[in-house]
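Please read these numbers as outputs of a predicted model, since none were measured by experiment. Chain A is the first sequence line, chain B the second, and so forth, proteins listed ahead of strands; every chain is numbered from 1.
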There are 2 protein chains.
Amino acid sequence: MIREKYTRLAYHRFPRTTAKYLGHPQADTAPLTEVLPDFHPLPLPQEDPYCLDDAPPNLGYLVRMQGGILFVYDNQKMLERQEPHSLPYPDLETYTVDMSHILALITDGPTKTYCHRRLNFLESKFSLHEMLNEMSEFKELKSNPHRDFYNVRKVDTHIHAAACMNQKHLLRFIKHTYQTEPDRIVTEKQGRKITLRQVFDSLHMDPYDLTVDSLDVHAGRQTFHRFDKFNSKYNPVGASELRDLYLKTENYLGGEYFARMVKEVARELEESKYQYSEPRLSIYGRSPDEWLSLARWFIQHKVYSPNMRWIIQVPRIYDIFRSKKLLPNFGKMLENIFLPLFEATINPQDHRELHLFLKYVTGFDSVDDESKHSDHMFSDKSPSPDIWTSEQNPPYSYYLYYMYANIMVLNNLRRERGLSTFLFRPHCGEAGSITHLVSAFLTADNISHGLLLKKSPVLQYLYYLAQIPIAMSPLSNNSLFLEYSKNPLREFLHKGLHVSLSTDDPMQFHYTKEALMEEYAIAAQVWKLSTCDLCEIARNSVLQSGLSHQEKQKFLGQHYYKEGPEGNDIRKTNVAQIRMAFRYETLCNELSFLSDAMKSQEITALAK
Amino acid sequence: MIREKYTRLAYHRFPRTTAKYLGHPQADTAPLTEVLPDFHPLPLPQEDPYCLDDAPPNLGYLVRMQGGILFVYDNQKMLERQEPHSLPYPDLETYTVDMSHILALITDGPTKTYCHRRLNFLESKFSLHEMLNEMSEFKELKSNPHRDFYNVRKVDTHIHAAACMNQKHLLRFIKHTYQTEPDRIVTEKQGRKITLRQVFDSLHMDPYDLTVDSLDVHAGRQTFHRFDKFNSKYNPVGASELRDLYLKTENYLGGEYFARMVKEVARELEESKYQYSEPRLSIYGRSPDEWLSLARWFIQHKVYSPNMRWIIQVPRIYDIFRSKKLLPNFGKMLENIFLPLFEATINPQDHRELHLFLKYVTGFDSVDDESKHSDHMFSDKSPSPDIWTSEQNPPYSYYLYYMYANIMVLNNLRRERGLSTFLFRPHCGEAGSITHLVSAFLTADNISHGLLLKKSPVLQYLYYLAQIPIAMSPLSNNSLFLEYSKNPLREFLHKGLHVSLSTDDPMQFHYTKEALMEEYAIAAQVWKLSTCDLCEIARNSVLQSGLSHQEKQKFLGQHYYKEGPEGNDIRKTNVAQIRMAFRYETLCNELSFLSDAMKSQEITALAK
């Protein structure tokens with residue numbers, strides 16, 4: 001019920017079945033527009049995806065930050081009266097109460113036992129299902145014409161744009177630029193213009209001799225449990241100059257090289273036809289200009305692709321900016337991140353480029369090394385962002401709460417205007433404290449990684465009941481945090497958690513040209529997944545993604561938003577109806593178990 | 001010493017270092033032509049690979065089979081006198097004595113302990129090497145210009161031609177033929193000509209609806225420990241008609257479809273530039289015409305590719321042919337397999353097509369389910385092939401001995417004429433009895449699989465000392481006999497056994513377009529292999545392969561045949577010299593240990 005409240009307020013998703021058992025039978029009949037997040041439909045083939053002329057009129061509202069959250073005022077008078085526009089704002093006190101409620105729950109002995117046993121039961125039940133129905137499932141798939149694992153839609157639900165090409169691709173691109181335009185001016189140092197040739201000369205290196213070994217962007221044994229070493233792998237040949245030149249959107253070339261590579265990756269996706277990807281682009285919050293610059297990069301280099309939908313990742317590195325005196329307090333960082341979005345939403349005519357770019361952005365991610373420990377414990381006594389001036393980094397849950405709060409306000413404002421909304425999809429549970437998963441349980445539509453659910457049966461069971469999508473990247477984990485054979489993906493899938501497969505960083509982790517297929521192939525081989533398993537994961541990935549309602553109908557079936565077999569069109573998904581029915585019945589069974597127990601408790605209480 | 005004798009007689013390979021320690025210091029200075037097998041160099045780009053005009057003159061020798069081995073007589077008179085041409089023939093009695101000597105050795109307690117401890121030591125030594133030198137190795141590779149894992153040569157050392165395309169490729173090809181030529185007559189049944197459309201009609205199937213699921217050629221969980229089920233996966237849609245039509249060299253179309261697919265695979269290899277493959281084509285021994293038909297298939301459809309070298313696989317299915325009364329005895333099967341080769345060698349002018357085809361054939365393989373048990377125990381009392389008339393299949397070692405014996409005679413005859421020789425490269429140690437590995441220790445140049453070496457420390461140590469190449473296919477094993485995580489490849493590699501990676505059957509096991517890269521990628525990911533490990537495996541694969549001396553010089557370095565660092569050209573192989581030195585010193589150390597012990601034993605014996 002707690003999560004339901006938070007998702008509803010932010011236009012996130014909540015399973016209808018679970019809502020029904022929580023006592024909201026109307027969930028099933030509510031109009032789709034109320035239940036589904038709003039993603040912009042793609043421009044038609046004959047339309048110009050970069051058309052700047054359709055921005056709605058300006059509203060002239062005013063926006064001010066207060067306590068780390070942006071408030072919207074209809075006009076100057078309302079601002080003076082401190083009467084903000086009626087948009088739901090999450091209340092910090094309620095939030096911390098809800099947090100501590102769940103924290104208490106996950107450490108409660110009997111609850112732990114209950115959840116542990118239910119999860120074990122779910123796993124055994126699936127094994128039984130597999131033994132009894134495996135051949136029937138396969139038979140269903142065999143008689144399903146024209147659709148197989150290769151031509152069901154798959155979305156790479158978690159991938160960083162700066163590492164979306166594989167190492168060989170980056171190498172080839174670097175060599176190509178050097179061959180074709182060595183004398184082009186590509187950067188400026190202290191007013192001196194520097195050509196590409198000079199860049200490589202200063203690194204004492206001839207790109208002809210460059211190899212994937214000397215490029216050294218691949219994660220090896222050295223990166224295991226060393227996120228710091230892993231991050232430095234983003235520097236080709238260990239040189240941050242090359243990272244700036246090739247993997248950034250802001251540089252002397254206006255991010256041209258990076259855009260060209262991303263477009264090459266996009267062309268491959270379009271050719272493969274059945275693969276989609278949701279790359280993350282960074283907004284740091286150092287300055288409010290970042291958004292405009294990113295939008296211009298997108299438009300100028302024509303980076304749009306029907307097979308890509310964009311997510312904005314915000315690295316949790318306030319402490320670095322603060323220690324370099326780039327920011328006065330944490331509130332300023334939040335303002336830099338969110339104020340431009342509010343302005344573009346209120347006055348799109350004045351921010352046409354950003355307004356356009358936001359059509360193709362479907363969510364936000366929060367990224368960084370989760371294993372870094374924070375001394376601060378987030379509570380309603382914590383200093384609010386505008387007075388968070390220390391050089392210490394706020395803890396994970398602090399970041400999440402304030403990002404969520406601002407996204408929620410923004411979503412409500414955008415929904416009022418008929419504009420698309422955003423999903424909050426943070427990295428969570430890759431390492432560090434288990435409490436991260438509690439924060440995300442409240443604030444996130446879906447998460448990336450979720451490995452640590454392994455360690456908390458209560459949270460794992462809650463993530464199951466709420467069917468929170470989890471984008472897992474076992475190859476990434478294998479290089480950083482957890483050996484492949486110990487990865488819980490298979491176990492989560494068996495229990496019925498809503499998992500998808502994603503690549504995270506093809507540049508660092510993958511060997512072949514088709515990173516997402518490599519991910520699927522290895523999982524299939526190592527865990528002996530059946531075709532039905534693979535297609536279920538692929539279906540999950542489309543559901544989890546920010547693809548539009550229209551696309552999901554096309555890829556999954558007309559009624560994809562319905563749960564259980566009626567939401568599945570096997571002709572499109574290649575997931576056996578037997579499997580769908582099993583999942584649905586199993587979930588209903590778990591939920592009715594709980595709701596029956598609650599009812600009988602109520603009756604007992606009444607009788608007393 | 002025993003193996004050395006057998007390899008020398010058959011023009012197989014034996015490591016010079018080991019030979020030196022066995023007391024043959026001349027091994028190092030012997031002319032290359034005596035030490036290396038003879039593979040035909042490739043035709044130059046301007047030459048016609050199908051030129052039939054360069055066959056050497058006929059010799060007119062006579063060939064007769066006696067006791068399962070072919071004997072060559074200079075003329076009729078010599079035949080009457082029973083005085084065969086002087087070619088070495090292995091003596092069955094000596095062979096069985098040697099066999100039982102090694103069998104005694106592998107069960108001898110102290111020997112087992114010794115080998116077990118040395119193998120443990122080898123493994124620990126490598127771990128130590130890795131801890132100390134990993135970074136230095138990588139540094140060496142980083143400073144090696146222009147060469148990395150992607151552009152070192154790799155040979156797929158074990159792959160069956162009938163499964164060399166992946167499932168998606170086969171599917172696409174079937175659909176394509178149906179779209180472009182549905183009315184072509186593709187087969188004949190009881191005199192009735194049948195079109196492609198009629199074939200599919202009779203199967204009640206529209207190829208448009210066909211999917212990889214309904215094609216059903218992929219090995220799944222159902223094939224584990226079920227070689228029989230696996231074999232039936234060679235039938236697309238479970239229909240042997242389609243196997244005949246698409247995956248056979250002999251059918252109404254003269255194997256055209258199969259040739260076209262193989263050529264498509266070859267084109268992909270040629271484009272990839274750095275990948276080579278050694279596909280197996282079948283000769284069954286049912287009739288002596290098989291060879292001519294295969295050679296004609298090869299020439300007529302122009303199947304030659306510089307990136308492929310052919311191996312002939314002989315399935316061990318005498319029992320099936322015998323029970324169908326296609327063969328009177330086992331000797332006839334051997335004669336059908338080998339007599340045409342002798343004739344083409346003696347009178348190439350009369351067998352120009354086969355003579356040409358044999359230029360591109362580099363070896364023989366012996367294939368079938370090794371886990372099938374045989375009641376017969378091979379000894380010098382066993383009935384010889386010409387009187388093996390029972391319906392029972394001869395045991396594995398019987399097959400191996402007679403194939404080896406005939407290959408040896410054939411090789412010596414061909415060497416006399418200056419023609420290329422063949423390697424015997426049987427499947428061995430995939431399952432079944434450990435004694436298979438003993439037979440192969442004597443008779444094989446190198447083997448495929450070798451999994452069961454895990455179970456015999458003595459044999460494993462012998463395979464190490466003799467550096468017998470082993471083509472391993474962990475993904476194939478994972479579907480059939482051994483889970484990926486339990487595969488001994490990593491352990492073998494660490495200890496210094498001469499292992500390579502191969503795909504076995506991309507159609508059944510692989511998911512991506514690049515099966516060999518998938519194999520390397522998964523091994524690299526699951527076992528966290530370093531670049532140096534991967535490049536060492538790739539180098540092993542080229543050494544193991546039937547690529548010609550000239551190609552090996554080009555791909556590995558001028559002196560590739562030398563052992564240790566001087567045989568390695570890092571600019572071509574990307575294997576660190578540190579690694580090469582470690583391997584070489586370790587092997588020398590093991591060998592000198594043994595030879596010192598032998599010497600001191602001799603001295604003790606002398607003193608007495």
Side-chain angles (χ1 to χ4, degrees), chain A residues 130 134-135 138-151 167-168 171-172 205-206 208-216 218 220-222 224 237-238 474-475 478-479 483-485 509-514 517-522 524-532 534-535 574, chain B residues 130 134-135 138-151 167-168 171-172 205-206 208-216 218 220-222 224 237-238 474-475 478-479 483-485 509-514 517-522 524-532 534-535 574:
Chain A
E130 211 171 29
E134 187 177 19
M135 294 317 291
F138 190 54
K139 218 162 141 190
E140 225 186 308
L141 302 189
K142 273 171 83 168
S143 61
N144 180 28
H146 198 61
R147 191 68 63 190
D148 57 36
F149 169 66
Y150 289 93
N151 61 17
Q167 52 175 351
K168 187 75 185 163
L171 180 70
R172 214 173 41 230
M205 164 190 331
D206 177 353
Y208 175 80
D209 292 334
L210 213 56
T211 63
V212 298
D213 298 333
S214 48
L215 198 66
D216 197 14
H218 217 253
R221 277 177 288 212
Q222 286 77 38
F224 204 61
V237 211
L475 285 180
N478 184 50
S479 292
E483 275 169 40
Y484 204 96
S485 56
F509 304 126
H510 296 73
Y511 284 90
T512 68
K513 281 177 241 163
E514 300 176 279
M517 279 304 284
E518 188 175 334
E519 199 78 44
Y520 274 94
I522 297 181
Q525 301 275 15
V526 174
W527 291 317
K528 302 201 175 175
L529 301 182
S530 70
T531 309
C532 191
L534 293 175
C535 294
N574 206 39
Chain B
E130 211 171 30
E134 186 176 20
M135 296 316 291
F138 191 54
K139 218 163 138 189
E140 226 187 306
L141 302 190
K142 273 170 84 167
S143 61
N144 180 28
H146 198 63
R147 191 68 62 189
D148 58 34
F149 170 65
Y150 289 94
N151 62 18
Q167 51 175 350
K168 186 76 184 158
L171 179 70
R172 215 173 40 230
M205 166 189 334
D206 177 354
Y208 176 80
D209 292 333
L210 212 57
T211 65
V212 298
D213 299 332
S214 47
L215 198 64
D216 197 16
H218 217 252
R221 277 177 289 211
Q222 286 77 37
F224 204 60
V237 211
L475 285 179
N478 185 50
S479 292
E483 276 169 39
Y484 205 96
S485 55
F509 304 126
H510 296 72
Y511 285 89
T512 67
K513 280 177 244 164
E514 300 177 280
M517 280 304 283
E518 187 176 334
E519 198 79 43
Y520 274 94
I522 296 181
Q525 301 276 14
V526 174
W527 292 316
K528 302 203 175 174
L529 301 182
S530 70
T531 309
C532 192
L534 293 175
C535 293
N574 206 39

Checking the side chain of Gln525(A) only, and the main-chain atoms of Phe509(B) only, is there a donor and an acceptor separated by less than 3.5 Å?
yes

Does any heavy atom of chain A fall under 4.5 Å from the side chain of Ser143(B), the backbone, both, or neither of them?
neither

Hey, which of Gln167(B), Arg221(B), Met517(B), Glu483(B) has the most heavy atom pairs under 4.5 Å with chain A?
Arg221(B)

Specify the closest pair of heavy atoms between Arg147(B) and Thr211(A), including all atoms of both residues, with the distance to one decimal.
N-CG2, 3.0 Å

State, with a plain yes or no, whether a side-chain heavy atom of Gln222(B) is found less than 4.5 Å away from one of Glu134(A).
yes

Determine the option with the most heavy-atom pairs under 4.5 angstrom with chain A, choosing from Val526(B), Asp216(B), Thr531(B).
Asp216(B)

Can you tell which part of Lys139(B) gets under 4.5 Å to a heavy atom of chain A, answering side chain, backbone, both or neither?
neither

Look at the rings of Phe149(B) and Tyr511(A) and say which category their plane angle falls in: under 30° parallel, 30 to 60° tilted, over 60° perpendicular.
perpendicular

Where does Tyr520(B) contact chain A at under 4.5 Å (heavy atoms): side chain, backbone, both or neither?
neither

Only pairs of heavy atoms separated by less than 4.5 Å count here; which of Val212(A), Leu210(A), Asn144(A) has the most with chain B?
Val212(A)

CG-CG distance between Leu215(B) and Asp148(A), expressed to the nearest 0.5 angstrom:
9.0 Å

Please name the pair of heavy atoms, one in His146(A) and one in Tyr208(B), separated by the smallest distance, quoted to 0.1 Å.
ND1-O, 2.9 Å

On a heavy-atom basis, the closest approach of Ser214(B) and Lys142(A) is CB-O, 3.3 Å

Let me know if Glu130(B) has heavy atoms under 4.5 Å from chain A in its side chain, its backbone, both or neither.
side chain

Enclosure of Lys513(B) NZ (heavy-atom neighbours >12, cutoff 6.0 Å):
no

Just by distance, with hydrogens left out, do Asp213(A) and Asn574(B) show a side-chain donor and acceptor under 3.5 Å apart?
yes

